[in-house]
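Below you'll find the structure, written out as structure tokens, and then a few comments.
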Amino acid sequence: MSQVTITLPDGSSRAVSAGAPVREVASAISPRLASAALAAVVDDRMVDLSCPLEADARVRIVTPDSPEALDLYRHSTAHLLAAAVTNLFPGVQCGIGPATDEGFFYDFVVPRPFVPEDLDAIERKMRELAQQDLPYQRQMWPREEAKRFFGDRGETLKVQLIEEKTQGQPLVSCYTIRDRDTFVDFCTGPHVPSTGKLKAFTLLGTSNAYWKGDARNQPMQRIYGTAFLSEKELQAHLQRLEEAKRRDHRKIGREQKLFMFHPWAPGATFWLAKGTVLYNTLADYMRSVLVPAGYIEVRAPIVFNKALWERSGHWQHYRQNMFLVESEGEQLGLKAMNCPGHFLMYSSEMRSYRDLPIRFHEQTPLHRNEASGVLSGLTRVRQFSQDDAHCFVMESQIGEEVERLLRLVQRVYGDFGLSPEMKLSTRPPEFLGTVEQWNHAEAELTRALEAAGAPYTINAGDGAFYGPKIDFDVTDAIGRKWQCATIQLDYMQAERFDLTYVGADNAEHRPVIIHRAIFGSFERFIALLIEQFAGAWPLWLAPVQAVVLPISDRHLDYARQVGERLAASGLRIEIDERQEKIGYKIREAQLQKVPYMLVTGDREAAEGTVSVRSRSAGDLGARLVDAFIADALDEIRRKDVGAPARAEVKA
RNA sequence: GCUGGCGUAGCUCAGUCCGGUAGAGCAGCUGAUUUGUAAUCAGCCGGUCGGGGGUUCGAAUCCCUCCGCCAGCUCCA
């Protein structure tokens, strides 16, 4: 029998019989590896353990420790789910069932939607199938036979997939769990060797989905679940989901009276007093960053004549998302973005190359008529404000301006203890301008990113219709990603608005526009911060920075004196004058996560002190009022977001 | 917008399946208590059961419809 030579990751090589399954390589190395083996990577392609070795190859055995293992588990669990559903709901049609970042799903065509009881039954069936340790068998079927097989079963979606994905291939890959009478799926694999490997999984919910994600296609029912390599990791994941609920900005927003919503203004935030403090603090912070960076703040109108939107292209591309109004026979639209207003202000006077870059910053509200179903707390609203700006630069200034912006973003996020991930989004299918312009713009952004030296990923086809962009995702404490900051290059709008500057050559030139936001929107950024800090605000952001707690009525005068001094020095304070025991007042302040509680009783009144209790560190003892003020102001100046705020989040 | 779920007091929730006088805790108010580092006691107030329509002798409960919220889908300049 002929032999093939396989090379292992450590560089050693072995000879095996040609056609032997890759499993034998694992067995030959050690019985332990053989039992841990899940799949193999043969010449960079991941395959089943049953895959025959036909030629010399590099082979790496995939075990639970391999980076591929989690996706493999999840995809195999999705198959297990589909097998259970097929078993329990005869006549069901299967769609696709991939692994995702958080778990997996599988889409089905069923006569009625799944209900929670169905999920319980399906999960029980999955465990039953897992316990039977059934092999995942891969079979190569003649293409026509596979089509006939799925066609006879009424699985027209699978037939469609085979037709689209295997053109010109004589054989197609199918998997069964048990045999052809139960569950067969058209799938390239690979899979774990048998269902017994799958233990740590759970179903999480159902939702509606469409075939191939297109709302014009057949509606399907999606079942979500997640799987991990160990029960411990699964439990940790479920705990994170619980933690997310506890930190939900909608819950904390209500508890701390930061904001509210009302059915008569869906998607529009009512900023209550404490939320307004937060909002204004962030707005002022942003100004304090942007003014030294050469930005000037402006305020453009909210409502514009349709003519402006026709000029900008929004009328053609974005009208369905705009709030439109009519007045005296004229059609008007509420602004969904600030750019066109800034363009009009740019062209209100002659611009010289000596003036560039010109940077307009604006924080006025924007309105976008988002579909009702997408609204969600503060993270997706219909009215919001961006820390928006447009930088008008010369072609030659793009690189430096984008680099400056990258540094600015890093610095701001650093001030909040956040570290964003960068994505470069490139030309979408629908775009303005020419491919050459796009290539040039994309090259400029790439160069700036490389110069910044920070890692980034490429999000192909996700650019805005007028130019490529760099987006910044922030991962919060529990692993969810939020897109906040954005830097967008725009070669198109200067043309449309006929924006010019006079160059050194005394000729007119087009400026390049950089659209950019650092927070993104105040609304979304505040939602992110609430969840980041779990409502335990660092002192500089806390709507109430300290609460004065008189022990009894006879300390009210002193408490008020203290309160006045604190307020006069600029601290945001409250005095709890209720006739309650000190323990009660402390409990309430603690639940509100007020950074400092200042107990004032006989001793303090006599000595001119306050007894300081920190939200995170507890009783700190008596301090002179002025000393407390000095320390607090210093802490505010430092914008500390360090250990104290984080530590108590877990408490 | 689509699919599903949900909507009962300011908040958290029970009651809805199987129609028969709307409940609890917290919050609030009043009184007593004058308090030393996470809940003092007692009493009281509080709801067109999301809106509208229908079935019924009778609807929080069953049906229709609209609105809002939640999850996901789609979308996201």
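The chains referred to below are lettered A, B, ... by the order of the sequence lines, with proteins before strands, and numbering in each begins at 1.
Among the protein residues, A:His262 comes within range of no part of the nucleic acid, since none of its heavy atoms lies under 4.0 Å from any strand. A:Gly377 comes within 4.0 angstrom of sugar-phosphate atoms only, judged by non-hydrogen atoms across all strands, and of no base. Heavy atoms of A:Ser611 sit under 4.0 angstrom from at least one base atom. Residue A:Glu588 is out of contact with every strand shown, counting any heavy-atom pair closer than 4.0 Å. A:Phe105 comes within 4.0 angstrom of nothing in the nucleic acid, heavy atoms only. Among the atoms of the strands shown, base atoms are found under 4.0 Å from some heavy atom of A:Arg603. Among the heavy atoms of the strands lying under 4.0 Å from A:Ile586 is at least one base atom, whether or not backbone atoms are also near. Within 4.0 Å of A:His314, counting heavy atoms only, lies at least one base atom of the nucleic acid. Using a 4.0 Å heavy-atom cutoff across all strands shown, A:Leu549 reaches no nucleic acid atom at all.
Checking B:rU34, B:rU40, B:rC73 against the side-chain heavy atoms of A:Arg554 singles out B:rU34 as nearest. In this structure, the nucleotide among B:rU37, B:rA77, B:rU40 sitting nearest to the side chain of A:His317 is B:rA77. Nearest nucleotide to the side chain of A:Ser552, out of B:rU35, B:rA39, B:rA77: B:rU35. Between B:rU35, B:rC76, B:rU37, one nucleotide has an atom nearer to the side chain of A:Lys581 than all others, and that is B:rU35. Picking from B:rU40, B:rG36, B:rA77 the nucleotide with the shortest atom distance to the side chain of A:Asp602 gives B:rG36. Distances from the side chain of A:Tyr318 to the nucleotides B:rU3, B:rA77, B:rA71 place B:rA77 closest. The side chain of A:Gln590 lies closest to B:rA38 when the candidates are B:rG36, B:rA38, B:rA39. When the nucleotides B:rU37, B:rA38, B:rC73 are ranked by their closest atom to the side chain of A:Val599, B:rU37 comes out on top.
A cation-pi arrangement, defined by a distance under 6.0 Å to the six-membered ring centre and an angle within 45 degrees of its axis, is present between A:Arg222 and A:Phe105.
Checked against side-chain hydrogen bond (donor to acceptor under 3.5 Å, both in side chains), A:Gln592 has no partners two or more places apart in sequence or in another chain.
By the 30° and 60° cut-offs, the orientation of the rings of A:Phe360 relative to A:Phe392 is perpendicular.
A:Glu604 contributes a side-chain N or O that forms a donor-acceptor pair with the base of B:rG36 under 3.5 Å. Between the side chain of A:Arg380 and the base of B:rC75, a donor-acceptor pair under 3.5 Å is found.
Dashed line: the shortest gap from a side-chain N or O of A:Arg250 to OP1 or OP2 of B:rC70 is under 4.0 Å.
In this structure, B:rC49 makes no Watson-Crick or G-U wobble pair, since no nucleotide meets both defining distances under 3.5 angstrom.
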